[in-house]
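The structure under discussion appears below in the form of C-alpha cells.
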Amino acid sequence: MIRYYSTNRNLDPSSGVVPFRGLVTFREALLQGQAPDEGLFMPDVVPRLNLEDVVTLKGRPYSEAALLVTGLFLRDEIEVSALERIVEDSYPFEVPLEHVYGRRYIMRLDRGPTASFKDFAARMMARLMAYFKGPDRRLNVLVATSGDTGSAVGEAFKGVPGIAVCILYPRGEVSGRQKKQLDTIGGNVRAISIEGKFDDCQNLVKEAFADPSLAYLNFTSANSINFGRILPQMVYYVYAWAQLAEDGEEMVVSVPSGNFGNALGCEYARRMGLPVKKLVMPTNENDEFPRFLARGRYEVQSPSRACLSNAMNVGHPSNLARFFDLYGGTVDRKGVVHRRPDLEEMRRNIFSISVSDDETRETIKNVYERHGTILEPHGAVGWKGLETWLEGLEGAEPLSVSLETAHPAKFPDEIIELLGIVPDPPESLRGLDEREGEPVELPADYGAFRDWLMAELE
Ligand SMILES: *Cc1c(COP(=O)(O)O)cnc(C)c1O
C-alpha cells in the first residue's frame, strides 16, 4: 500500500519545525491536506504504468484514462466500482487536442465549469473527499479567494452530498464577473463577501481552523497543495500520449507554471513510466525558478510581479517543495533551501524560461496569424516556452503538446485588442449575467464570522 510522507521530514529541529517522520494513508493525506509540520504529503512509492494498457486508451473517453492512472495510487483504499463512478461524474466534458502544425499540438483543459484546468483537479478531489469522509460525517470546506480558485472549488463541490462550502472573498477586490461567478453557484456552496482585503479573508479562515470551539464543524481547506489535487493532474498527460503517440515515441510537454502543481502532475507521469522527453516549465516574469535552474541559487521573488497571465503571479511556488524532494533536496515554506536538489538531473528532465508580457502578447498574435489558433495569456506562455526549447533541438521534430490552461473568452479585452476578434465563450461561461444569487455580507471581524458559522453550519 502506498503511504505518504512529509517534505519536511528531514528538517533539522533547530530550524524551529518539529519534523513529521510518520506515514499516512491517501485518505488521511486527503482529509488533512497538509502534514502536521506544514510540509507537503508525497507518496513513498510511485507506481508503474503499463504502456500496453495506456495504448488501449486511444479513442476512449477521458474518464477511462483517469480510472487507469488514479487507480494505480488508490486501488488499496477504494473499490474499482466506486472509483469508476467518481471519474465518470468528475469528467462529463471534452478534452480537445488541437493540431497546430508539424508535430505540435495544444491540449485545451478549459471545458470544465469554470473554464480553467483547475476544474480537473478540484472536481475529482471533491468527489474523493465525499467518498473518504464516510457516509455519516459532514465536512465543511472553508476557502479564502481573491478570484478564480474560489469558483473552481465552489463549482467542484456543488451538489456533492455531505459537504458544505463557504467561500470568502474581499468585497472590493474581485471583478464583477468573478463576483457573479461566486455568488451564483448556490445550493451547498455559499459566497461570503467580506468588508476587507484578501488577507482579512485568509485570516478569518485561519482563525476558524484553529478555533477549538468549532472543531465539531470538521473544517477542511481543499487547497491547492492537497495531494488529492495533484493526483488528477497526472491523468491528462497520459491521455494525450495515448491519443497522439506513434510506436511508443517520446513526447515533449509544455506546462505554463505558477505554483507548479500542474507541472508536478507531468513529473509524476514521467516517473510512472510515461515517455516524456522533456518537461518544459515556462513562467511569466516571476522568474525565480528559471533563475534557479540556470544558476543554482534560489531566491524568492518578493513581492511577486503582476503579469498578464495573472494566475501565475507567484513569487515562491508552493509545490516547489515537492520538486525539490523528488530531486533529493529540501526547501521550506519561506523559500529557505535546506538541502540542494540534484541540479544536473533536474536540468536533464526540465527546461524553464521566463516569458515577458511583451513576448506573451506577441505569441498570441503570431500563433493566431500563422495558424488560426487562439491562445490566452497563460497558454501563450506555454507555447513560447515550447518553441524556445524546440529551437535549440537538432534532428527530427518530436511530438509536442503545449497546455492551454484557461479559455480565451476569460480574457476578452486582451484578445480583442491583439486579434480584433471577440472570442466565443464556452457553454459554461454563457448566461452568467442572468444567473441569480446574493452573497452573505460580513465585516472583517472574527466574532461576527464565528457567530455566523455556528448559526448556519451543521
Ligand atoms: C493556476 C493556473 C496556472 C498555474 O498552474 P500551477 O499549477 O499553479 O502551476 C496556469 N494557468 C491558469 C489559467 C491557472 O488558473
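Only this structure's heavy atoms are used, side chains among them; waters, hydrogens and symmetry mates stay out. When a residue number appears, it is its place in the shown sequence, counting from 1. Just follow the structure's listing: the first ligand is 1, and inside any ligand the first atom is 1. As the structure is a computational prediction, the values presented were derived from the model and not from experiment.
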Tell me which protein heavy atom sits closest to [atom], plus the residue, atom name and distance to 0.1 Å.
atom	value
atom 13 (C) of ligand 1	Thr405 OG1, 3.4 Å
atom 3 (C) of ligand 1	Phe117 CE2, 3.6 Å
atom 4 (C) of ligand 1	Gly258 N, 3.7 Å

Check your understanding: Are the aromatic ring centres of Phe198 and Tyr169 under 6.0 angstrom apart?
Key ->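 Distance test on ring centres: not under 6.0 Å, no.
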For the aromatic rings, using the six-membered ring if either is Trp, is the centroid distance between Phe289 and Phe260 under 6.0 Å?
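Judged by ring-centre distance (under 6.0 Å), Phe289 and Phe260 do meet the cut-off.
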Checking His371 side chain against Thr373 main chain: does a donor-acceptor pair fall under 3.5 Å?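 Not at all, since once roles are kept as given, no pair shorter than 3.5 Å links the two residues.
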**Prompt:** Is Glu359 reaching over with its side chain to a backbone N or O of Lys384, donor-acceptor style, under 3.5 angstrom?
**Reply:**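 It does not hold such a pair.
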Could you tell me, atom by atom, which parts of ligand 1 come under 4.0 Å of a heavy atom of [X]?
X	answer
Gly261	6 (P), 7 (O), 9 (O)
Asn262	7 (O)
Ser257	9 (O)

Compute the shortest N/O to N/O distance between Phe260 and ligand 1 and return yes if it is under 3.5 Å, no if not.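 Yes, since at least one N or O of Phe260 sits under 3.5 Å from an N or O of ligand 1.
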Check this for me - ligand 1, Ala406, N or O atoms closer than 3.5 angstrom, yes or no?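 Among all N and O atoms of Ala406, none is under 3.5 Å from an N or O of ligand 1.
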Answer yes when Glu267 and Arg270 have at least one side-chain N-carboxylate O distance shorter than 4.0 Å, and no when they do not.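 Looking at Glu267 and Arg270, the cut-off is met.
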(request) Check whether NZ of the Lys or CZ of the Arg Arg271 lies under 6.0 Å from the centre of the six-membered ring of Tyr327 and within 45 degrees of that ring's axis. (result)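 Judged by the rule, Arg271 and Tyr327 form a cation-pi pair.
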query: Take atom CD in Glu369; do more than 12 heavy atoms of anything else shown fall under 6.0 Å from it?
result: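 Yes, the 6.0 Å shell around CD holds more than 12 heavy atoms from other groups.
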*Report the member of Lys118, Met312, Glu376 with the shortest heavy-atom distance to atom 2 (C) of ligand 1.*
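When every heavy atom of Lys118, Met312, Glu376 is considered, Lys118 comes closest to atom 2 (C) of ligand 1.
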Measuring from atom 6 (P) of ligand 1, which candidate in Val255, Val314, Asn259, Asn319 has the nearest non-hydrogen atom?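 Heavy atom nearest to atom 6 (P) of ligand 1 belongs to Asn259.
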